[in-house]
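When a ligand or atom number is given, it counts from 1 through the structure's own listing order.
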Amino acid sequence: MYKIDAATKLADRVYEYWIRAPQVAQHARAGQFIILRLHEAGERIPLTISAIRGDTVRVIFMTVGKTTEELATLGAGDSISDVVGPLGKPSEIGNYGTCCVIGGGVGIASTPLIAKELKSAGNHVIGIIGARSADLLILEDEMREICDELHITTDDGSKGVHGFAADVLKKLLAERKIDRVWIIGPAIMMKVTAGATVPYGVKTYVSLNPIMVDGTGMCGSCRVTVGGETKFACVDGPEFDAHQVDFNELMQRQRIYTGQEKASLERFAE
Ligand code: FES
């Protein structure tokens, strides 16, 4: 059993849990994830490792279905049946020069660890975090502390730049040399934002979030097309070259179980 050391609600439907998982904490690197199962009959869900502190790892999730709704009913002192990880390949951290780390919505959860490792590797790190509105913006203080500069965007203009991360990125790219870009967020946001770096030929990584089951490359549920080849996000990713990803296929496959997910959530709510 894996104990939840601390549980905090960060925003509407967004929760932060610190889970005691020494083996995971010891080996985890930026860009990797865990798969957890609440109990024996539970579904397995992948969550990015957002931070590491001693024997604990932090995950941040939004309630979007039955399992995340059930997870949100737990609190500090409760336990989770299974935590497997760290899974996936770590981010390709190196000393590139100037790097931009972009998070959208709950995807911001992935940014601190990547930004931190890039900073330690000697890069000048620019953070861009965006949300629909100010009350949904998470980890601002933490990112401000890690990054050399931080830009904020909101869709409704309630904080920072009124607009999208892609708008800020386009402006930065026009003004100065950026050597690497990471983008983590909803598929459509990653697709649009990654489009900004194409004319500049800047290597851009996205962290893909397809449906996952086993997390070990066996079931095939997380398959994505990158550069015309089939890849498994759980073992070949989750980070891939953004300019090679077939985002339309990813978004279509993410919707496959929408009907079943809705029915399952309704049963849980009864
Ligand atoms: Fe099964 Fe990736 S989750 S192959």
Residue and atom names of protein N/O/S atoms that fall under 2.8 Å from atom 1 (Fe) of ligand 1: Asp214 OD1, Cys219 SG

Parallel, tilted or perpendicular, as decided by the 30° and 60° cut-offs, for the rings of Phe61 and Tyr15: parallel

Same apolar cluster: Val245 and Val101, side chain cutoff 4.5 Å: no

Rounded distance [0.5 Å steps], NZ in Lys191 versus CD1 in Ile183: 13.0 Å

Pairwise distance OG1(Thr8) to CG(Leu10) - rounded to 0.5 angstrom: 6.5 Å

Results of salt bridge (Lys or Arg N to Asp or Glu O under 4.0 Å) for Lys171 - residues two or more places apart only: Glu175

Flag for Thr154-Ser133: side-chain donor and acceptor within less than 3.5 Å: no

